[in-house]
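Notes for the one structure printed next.
Residue numbers begin at 1 in each chain, while the letters A, B, ... track the order of the sequences. Only a predicted model underlies this, so the values are computations on that prediction, with no experimental measurement involved.
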Amino acid sequence: MSYDPQAVEARWRERWADDGQYESDPDPDEEATFITVPYPYPSGGMHVGHVRTYTVPDVYARYRRLQGDNVLFPIAWHVTGTPIVGAVERLKKGEADQLDVLTNTYNVPEEELEDLETPMGFARYFIEGFYKSNMKDLGLSIDWRREFTTNDERYSKFITWQYETLKERGLLEKGLHPVKYCTEQENPVTTHDLLEGEDVEYQEYTLVQFTTEEGTTIPMATLRPETVRGVTNAFVNPDATYAEALVDGERWIVSAEATEKLALQDHDVEIEREFAGAEIVGTTVENPVTGDELLILPAGFVDPDSASGVVMSVPAHSPDDYVALQEAKARADELAEYGIAPDDVRAIEPVPILDVEGYGDVPAKDAVESAGIEDSDDPELQEITKELYNREFHTGRLHEEYGEFAGELIEDVREELAAEFRDRGAFGQLYDFPEPVISRAGGKVVVAYQDTWFLRYNDAEWKAKAHAAVDGLDAIPENTREQYDHTIDWLNEWPCIRNYGLGTKLPWDDDFVIEPLSDSTIYMSYYTIAHRIGDIPPEQLDRDFFDTLFYGPEAVEADEVPRTSDDSSGGEPREPDETALELREEWEYWYPVDYRCSGNDLISNHLSFYLFHHAELFDEPAWPQGITSMGMGLLEGKKMSSSSGHVVLPSNAIDEYGADTVRFFLLNSAEPWQDYDWRSEQVQSTRDQLERFWNRATETIDADEGDRDLAHIDHWLLAQLQETIETVTDAMERFETRTASQAAFYGFEEYLKWYRRRTDLDRPGARWTLRRVLETRLRLLAPFVPFLANELHERLTGTPAEEAQWPQVEEELIDDRTIAEERLVESLHEDVADIVDVTGTDPERIRVYVGADWKRDVLDQVVETGPDVGAVMGEVMSDPDLREKGNAVNDLVQDLVEFVRERDEETIDSLSAVDERAVYEEAAGFLAHEFDADVVVYGEDDEGIEDPEGKASAAIPFRPAIHIE
RNA sequence: GCGAGGGUAGCCAAGCGGCCAACGGCGGCGGACUCAAGAUCCGCUCGUGUAGACGUUCGUGGGUUCGAUUCCCUCCCCUCGCACCA
């Protein structure tokens with residue numbers, strides 16, 4: 001029967017569903033293995049780029065089951081936050097892009113679009129229609145009883161418990177934090193809400209507070225506060241609108257735009273009057289650090305919508321400023337209209353404040369002159385400005401006048417220096433974007449301070465615990481360990497709430513929702529009880545309930561203090577909840593998570609949060625045991641992207657190739673942590689290979705069973721099988737799905753190819769061997785291609801592969817000597833083929849000469865003495881018979897020393913027991929058949945040897961001489 | 001810039017001190033089978049070569065070693081992450 005994956009797979013899916021095959025419950029007699037994967041976010045459909053993430057854990061789950069474990073592999077749906085809400089809004093607005101993705105990429109029928117117009121309706125559509133059905137079609141061995149969404153009432157109770165506990169432990173703190181803010185909607189926005197400037201990051205500008213004669217503050221925005229001593233003048237845009245305003249009670253002058261930003265960044269701003277920038281051009285201001293009086297010059301390049309709208313000029317270090325100053329000098333006479341004396345402008349000279357390698361005293365001048373820049377419109381000006389900026393930041397050292405900071409590198413002291421001036425009241429700060437950022441609502445996006453709650457990942461003790469969790473972790477691949485440590489060190493306060501979106505309300509302030517990365521840190525524990533918690537009324541799921549569940553009855557009994565912020569029941573001793581105690585058994589059985597299979601892009605946030613929260617909320621035995629981080633998927637060499645339609649839907653791929661092919665391709669084309677590339681040509685080829693495997697397997701199954709009457713080559717194949725079992729098992733333990741499947745499938749195919757050439761497959765011994773090999777391979781492959789492997793295994797043995805055991809190496813079938821012997825045959829075959837090829841002859845007769853016994857003695861001596869020509873010669877020459885042979889021995893020793901050096905000890909060992917001549921004699925028939933020639937084997941010293949061209953003496957041990965004619 | 005990963009024959013990709021001119025797949029060429037196509041099987045696919053060899057290769061330039069694709073350093077190029085976004 002030919003390979004029909006759709007039919008085979010449909011049967012097994014049905015069978016698994018009917019049997020509840022992958023529903024796992026605690027069983028004290030079996031070891032628990034708990035595997036998780038980040039729950040998908042159904043803000044769109046699933047594509048093949050997502051498939052491997054879920055297939056790798058499935059393969060491991062299936063592997064552990066074959067090893068006898070009780071395995072739990074659950075899934076749920078993450079709907080928290082704004083992406084789904086945003087997607088629904090865009091749909092309702094009828095946005096073309098959104099409609100295109102839905103109807104063209106994901107083939108949502110027009111008439112069903114309406115169902116997607118509520119957030120949960122949208123989520124449901126993609127959960128049921130894509131994720132869930134795709135996962136089932138792929139044969140993922142998920143316990144479907146445990147699914148939930150993060151918007152479920154009971155899940156929220158669980159998150160509530162988590163956040164109340166963290167708050168009580170002092171790990172949540174309230175404060176102001178800069179966020180992206182849409183001035184149109186008057187609301188914070190996320191990257192997804194942006195129309196323009198998605199990847200622009202806001203920057204922290206220092207406001208250097210210059211003052212006018214009247215004592216008005218003019219804050220000049222800079223990213224380089226350390227250049228304050230190099231300021232020679234200021235620039236304002238004469239045509240822009242500026243405002244005089246009371247800022248926190250002080251009189252300030254900034255651009256009109258800046259007043260709004262200041263107001264949003266926790267300043268009290270009262271605008272008194274607005275005027276054109278020209279008004280203050282020509283006046284002077286005082287540098288708060290040096291006390292110098294500086295002139296304000298006009299400049300059209302000053303953007304009033306960038307920071308404060310007033311900039312300070314540092315011509316010695318900024319090529320931009322240098323060119324602007326030169327231009328101002330050139331038209332100094334025109335500046336008289338602003339009441340500026342032209343000579344005052346011409347008198348302005350750059351003031352260097354630092355030394356930087358590779359430039360002279362005035363670096364900006366050097367840079368401008370060597371680049372040959374003439375005016376401020378030159379596009380190269382930006383480049384050299386950036387280049388000099390970088391150089392100065394990393395290698396620039398401050399001059400003497402900086403006192404304690406003198407001689408230091410800018411990158412080491414900038415922050416410290418700015419902080420010091422800030423303390424003295426000379427500097428302020430302002431967050432702003434360096435480029436325009438526009439929200440999807442069309443409004444300008446600025447940085448605003450928001451009152452927020454954040455998780456204190458900067459807490460030293462918490463960090464220490466998280467590091468401890470990393471120490472005990474099986475980080476796969478191992479080099480991700482340092483990334484976790486690095487992230488843990490680097491993480492700061494993390495705002496964990498949002499103003500809107502789906503999810504759990506902040507327990508003590510329901511204006512806020514806990515954001516998606518923060519409500520998904522310990523939910524793996526929720527899986528252990530998810531299938532039973534539905535029977536419990538939500539109101540019963542209070543703090544005591546979860547305390548009992550996770551911390552045991554004593555956590556409640558011992559504690560008579562009211563626990564929740566709104567608990568008014570007072571200090572009554574409480575009874576642990578019975579149901580919670582029952583569920584506690586589930587949690588204790590399954591926890592900890594043995595492996596979490598995730599993407600390497602999540603290391604810097606989600607996976608590190610996962611470690612932080614486990615380390616804090618649970619005791620060490622419940623900490624994560626292992627994390628596998630995976631690479632991403634490409635489609636025909638390019639990044640997949642649902643918005644551009646450059647995706648393949650799993651359902652299409654499964655229809656076309658079958659689920660086993662999809663799985664096998666993904667698992668075999670790269671190791672999980674490497675990127676893979678979905679190329680339809682390769683996928684098709686994978687399918688062809690599986691089909692060939694199927695056909696061969698079917699032949700073996702249909703043939704007579706044979707019996708255990710084994711020839712040399714059968715022993716050889718069985719010995720290779722043992723090596724394969726070992727390789728595959730080792731690889732599976734390390735999640736090396738490529739190595740494992742490659743060895744079990746393609747690697748072994750190579751052995752079979754040789755085996756088929758070497759022997760008569762109709763022998764009873766061969767048939768027995770082939771059945772044995774097939775059965776073992778089906779078990780090795782069952783985690784990868786479960787449909788095909790279970791089907792064939794059942795046809796072969798009567799039971800599915802998944803009900804059998806993972807293959808064990810059978811000691812009595814290990815046979816290094818036979819493997820070594822067969823290698824000799826292979827290399828003899830290869831040598832003959834080479835000679836035939838090079839000479840272009842079609843041989844009638846092939847003569848094989850095995851080296852003389854004394855040569856073997858010399859080899860033994862080399863092995864004993866070690867690969868050292870001098871030492872071996874010393875030993876060998878003490879034998880008179882050998883000494884007599886003179887130079888021949890010398891040459892032989894040279895060759896044999898090299899022979900031994902090139903091989904490892906095991907190979908040499910296994911060769912020592914080999915009867916070389918017998919091996920060639922056994923293979924003579926095979927060679928005769930292969931080359932269609934007579935094959936005769938001689939010993940070099942045989943009497944009656946035929947040696948027409950005197951080749952025999954060239955033989956050395958394990959490298960016979962050959963003659964063909 | 002910081003952190004991580006990577007650059008191997010036409011393409012994908014393994015190797016990670018000697019068994020390596022370098023597994024495997026795709027593509028290409030030749031052959032067997034076939035009326036034919038497909039599938040399958042065999043051989044070739046860096047160069048030279050009428051004897052199993054030699055020569056030049058594994059981003060660049062150095063170094064360590066008897067010996068380096070494999071170890072160390074320099075440089076060049078590519079990919080990913082860098083925060084409130086899942």
Side-chain angles (χ1 to χ4, degrees), chain A residues 2 38 40-41 43 78-84 177-180 188-194 198-199 201 389-390 393-394 411 450 452 454-455 457 477 479-480 482-483 485-487 489-498 515-518 520 599-606 629 631-632 634 637 639 668-671 673-677 679 681-682 684-686 688-689 691-692 695-696 738-739 742 745-747 749-750 753 756-757 823 827-828 830-841 867 869 898-904 907 930 949 951 954 959-964:
Chain A
S2 66
Y41 202 98
S43 56
H78 199 193
V79 299
T80 310
T82 56
I84 292 174
H177 206 90
V179 297
K180 293 175 183 172
V189 288
T190 68
T191 311
H192 287 275
D193 302 323
L194 298 180
E198 288 105 314
D199 29 323
E201 281 173 34
Y389 177 98
N390 276 331
F393 182 62
H394 295 291
E411 71 178 322
Q450 278 279 303
T452 189
F454 40 79
L455 285 158
Y457 291 128
N479 64 32
T480 53
E482 58 182 296
Q483 289 191 63
D485 280 324
H486 183 261
T487 305
D489 285 334
W490 158 89
L491 270 168
N492 219 315
E493 294 167 328
W494 181 273
C496 60
I497 55 168
R498 286 297 106 86
E515 63 89 32
L517 283 165
S518 300
S520 57
N600 46 199
D601 53 330
L602 296 182
I603 291 175
S604 62
N605 47 53
H606 166 255
S629 317
M632 11 174 281
L634 301 174
K639 211 170 167 172
N668 188 260
S669 63
E671 298 293 4
W673 40 90
Q674 298 172 322
D675 294 350
Y676 66 89
D677 188 1
R679 288 177 188 262
E681 200 174 65
Q682 307 279 337
Q684 181 57 47
S685 144
T686 302
D688 293 345
Q689 300 274 9
E691 177 158 18
R692 197 177 313 167
N695 293 337
R696 287 246 164 79
R738 179 182 206 277
T739 304
Q742 194 85 20
F745 194 80
Y746 294 104
E749 283 301 320
E750 294 295 309
K753 215 161 146 182
R756 281 184 215 109
R757 273 173 91 161
R823 201 160 290 141
S827 78
L828 175 58
E830 198 179 300
D831 281 345
V832 173
D834 256 1
I835 297 167
V836 167
D837 192 38
V838 170
T839 57
T841 44
V869 178
E898 199 164 318
F899 179 88
V900 170
R901 217 180 229 167
E902 286 171 356
R903 270 152 256 258
D904 56 39
T907 311
E930 284 281 314
E949 289 183 54
K951 298 281 187 190
R959 192 84 209 275
I962 298 163
H963 178 256
I964 66 171

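The gap from the C1' atom of C77(B) to that of G67(B) amounts to 30 Å, rounded to the nearest Å. Comparing C29(B) with G18(B), their C1' atoms are spaced 34 Å from each other, to the whole Å. Comparing the same atom, P, in C16(B) and in G24(B) gives a spacing of 16 Å after rounding to whole Å. Nucleotides C78(B) and U8(B) are separated by 14 Å at their P atoms, to the nearest Å. Comparing the P positions of U56(B) and U69(B) gives an interatomic distance of 12 Å, to the nearest angstrom. The gap from the C1' atom of G10(B) to that of G81(B) amounts to 34 Å, rounded to the nearest Å.
Not counting sequence neighbours, Phe899(A) has no partner by the ring pair (Phe, Tyr, Trp, His ring centres under 6.0 Å) test. Under the salt bridge (charged side-chain N to carboxylate O under 4.0 Å, His left out) criterion, Arg823(A) pairs with no residue at all, not counting sequence neighbours. The side chain to side chain contact (heavy atoms under 4.5 Å, CB included) search around Val179(A) returns Pro188(A), Gln450(A), not counting sequence neighbours. Residues passing the ring pair (Phe, Tyr, Trp, His ring centres under 6.0 Å) test with His606(A), sequence neighbours excluded: none. Evaluation of the side chain to side chain contact (heavy atoms under 4.5 Å, CB included) rule for Asp675(A) yields Met632(A) as partners, not counting sequence neighbours. Taking Glu830(A) as the reference, nothing meets the side chain to side chain contact (heavy atoms under 4.5 Å, CB included) condition, with sequence neighbours excluded. In terms of the ring pair (Phe, Tyr, Trp, His ring centres under 6.0 Å) criterion, residue partners of Trp494(A) (sequence neighbours excluded) are, by chain and number, Phe609(A). Every residue meeting the side chain to side chain contact (heavy atoms under 4.5 Å, CB included) condition with Pro516(A), not counting sequence neighbours, appears here in chain and number order: His78(A), Thr80(A).
Side-chain atoms of Glu515(A) come within 3.5 Å of backbone N or O of Leu517(A) as a donor-acceptor pair. Side chain of Gln483(A) to backbone of Ser604(A): no donor-acceptor contact under 3.5 angstrom is found. With Thr686(A) contributing its side chain and Gln682(A) its backbone, the two residues share a donor-acceptor pair below 3.5 Å.
Computed from coordinates, the Arg959(A) CZ to C19(B) P distance equals 14 Å when rounded to whole Å. Protein atom NE2 of His486(A) is 15 Å distant from nucleotide atom C1' of C80(B), rounded to whole Å. Here the C1' atom of nucleotide G6(B) and the CH2 atom of Trp673(A) are 16 Å apart, to the nearest Å. If you measure from atom CZ of Arg679(A) to atom C1' of G27(B), you get 12 Å, rounded to the nearest angstrom. Whole-Å rounding puts the Asp831(A) CG to A53(B) P distance at 7 Å. Protein atom CG of Asn600(A) is 13 Å distant from nucleotide atom C1' of G6(B), rounded to whole Å. Arg903(A) has its CZ atom 6 Å from the C1' atom of C19(B), to the nearest Å. Between the P atom of C23(B) and the CG atom of Asn668(A) lies a distance of 17 Å, rounded to the nearest Å.
By the neighbour-count criterion of 12 heavy atoms within 6.0 Å, atom CD of Glu898(A) is sparsely surrounded, having that number or fewer from other residues, nucleotides or ligands.
Within 4.0 Å (heavy atoms only), Pro516(A) reaches sugar-phosphate atoms of the nucleic acid but no base atom. Within 4.0 Å (heavy atoms only), Glu898(A) reaches no atom of the nucleic acid at all. Contact annotation for Gln674(A): backbone-only contact, meaning every heavy-atom pair under 4.0 Å involves sugar-phosphate atoms and none involves a base. Note on Ala833(A): nothing from the nucleic acid sits closer than 4.0 angstrom, heavy atoms only. If you check every strand for non-hydrogen atoms under 4.0 Å, Leu517(A) touches a base. At the heavy-atom level, Pro960(A) lies under 4.0 Å from base atoms of the strands shown. If you check every strand for non-hydrogen atoms under 4.0 Å, His963(A) touches a base.
Atoms OH and CG, from Tyr457(A) and Asn605(A) in turn, are 9.5 Å apart once rounded to the nearest 0.5 Å. The distance from the CZ atom of Arg959(A) to the OG atom of Ser827(A) is 7.0 Å, given to the nearest 0.5 Å. In this structure, CG in Asn600(A) is found 11.0 Å from CD in Gln674(A), a value given to the nearest 0.5 Å.
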Which protein N or O atoms sit under 3.5 Å from an N or O of nucleotides 70-72 of chain B?
none

Between N or O atoms, less than 3.5 Å apart, protein on one side and nucleotides 40-48 of chain B on the other: list the pairs.
unit_1	atom_1	unit_2	atom_2	d
U40(B)	OP1	Arg692(A)	NE	3.3
U40(B)	OP1	Arg692(A)	NH2	2.6
G43(B)	OP1	Arg757(A)	NH1	2.9

Would you list the protein and nucleotides 56-58 of chain B atom pairs, both N or O, that sit under 3.5 Å from each other?
none

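Residues Gly840(A) and Ser669(A) each lie close to RNA chain B; by heavy-atom proximity, the contact nearer the 5' end of the strand is made by Ser669(A). Between Glu750(A) and Asp834(A), the residue anchored closer to the 5' end of RNA chain B is Glu750(A), taking for each the nucleotide with the nearest heavy atom.
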Quick one: the dot-bracket string of RNA chain B, using Watson-Crick and G-U wobble pairs with both distances under 3.5 Å, [ ] for crossing pairs and | for bases paired to another strand.
((((((((.[[[..)..(.....]]]((((((.......))))))(((....)))...[.[[[..)....]]].])))))))....

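For Arg901(A) and G17(B), the shortest distance from a side-chain N or O to OP1 or OP2 is not below 4.0 Å.
Side-chain atoms of Gln684(A) and Asp688(A) form a donor-acceptor pair, as typed in the model, at a separation below 3.5 Å.
The side chain of Gln742(A) has G24(B) as its nearest neighbour among G24(B), C85(B), A83(B).
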